[in-house]
Every structure is written in C-alpha cells, then in structure tokens.
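Side chains are part of it too, since the values below use all heavy atoms of this structure and drop only hydrogens, waters and symmetry mates. Nothing fancy with the numbering, it's 1 onward along the sequence.
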Amino acid sequence: MKKIEAIIRKSKFEEVKKGLHDIGVNFFSYWDVTGVGNEKQGHVYRGVSYSTTDIQRRLVSIVISDDFLDKTLQVIFKTAYTGAVGDGKIFISTIEEAYRIRTQEGGTDSLN
C-alpha cells in the first residue's frame, strides 16, 4: 500500500476531488495548510501592494493499493496542473499495514 500526500492549490481541489472519485478513490483526508515556497503572492489592501511568502494550499492524504498508484498520480498531475510556479508537490511513502476498526479487516481490504 502507498500513501500519497499532495499539496495543491485550493482553487484546484474540487477538480482533483472529482478526478479521484472518477477513478474509484472515494476516501481521503484533506487539510488547509500554509507553507513557504518559491511562489510569491502579491496582495492589495486599500490600494497598497504588498507581498507575502506565506501561501495557502490544501494537503490531500490518500492511502491506496499499490496497483492504483500510477492511475492516482496521473489524475493529480492532470487536475492540479496550471503550469505556473506553485502548483504543488506530491510525496509518496509506503504503508506497512492498514486496518478498518469496525470489522478489523487488514491490508487492502480495509481501504474499500
């Protein structure tokens, strides 16, 4: 099993969510996060421009079976892409075991 953590633009979240649902990834968690990256956002307040390095993003955490990895990555690449600096990052790690609490099922059976 693999865990995908994707940091994406908040404006692309609904597209990513729909794309994941379309391929059968129906369970994942997400959080609003703030980070520092290469993108510099400019803001205007009362006619005065200023920039900040704190960037609002959404972190999506997905645990999937190994055979869904490529398909899931392609959906995220396709739906989160804008082509501009700040599109985000994807991190992949290995999950040794997973369990569903209600039924005590283990392994990939616990993911569906």
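- At most 12 heavy atoms of other shown residues, nucleotides or ligands fall within 6.0 angstrom of atom NZ in K78.
- For the pair M1/I64, no side-chain contact is recorded, criterion being any heavy-atom separation below 4.5 Å from C-beta on.
- Salt bridge absent: K18 and E15 never bring a charged side-chain N and a carboxylate O closer than 4.0 Å.
- Shown here is E97, whose CD atom has more than 12 heavy atoms of other residues, nucleotides or ligands within 6.0 Å.
- In this structure, D87 and I8 have side chains that are not in contact, with every pair of non-hydrogen atoms separated by 4.5 Å or more.
- Using a 4.5 Å heavy-atom cutoff, the side chains of F91 and I4 are not in contact.
- Minimum heavy-atom separation, S65 to L111: N-CD1, 3.7 Å.
- Between S61 and K3, the shortest heavy-atom distance links the atoms OG-CE, 3.2 Å.
- Put simply, the side chain of V75 does not reach to within 4.5 Å of the side chain of V16, judged on heavy atoms.
- Interatomic distance, I90 CD1 to L73 CG, rounded to the nearest 0.5 Å: 5.5 Å.
- Classified by interplanar angle (parallel below 30°, tilted 30° to 60°, perpendicular above 60°), the ring pair F13/F28 is perpendicular.
- Counting only heavy atoms from C-beta outward, the side chains of T94 and K2 approach each other to under 4.5 Å.
- Between L59 and E5 there is a side-chain heavy-atom pair separated by less than 4.5 Å.
- The shortest distance between side-chain heavy atoms of R9 and T82 falls below 4.5 Å.
- Counting heavy atoms from C-beta on, the side chains of T108 and D66 never come closer than 4.5 Å.
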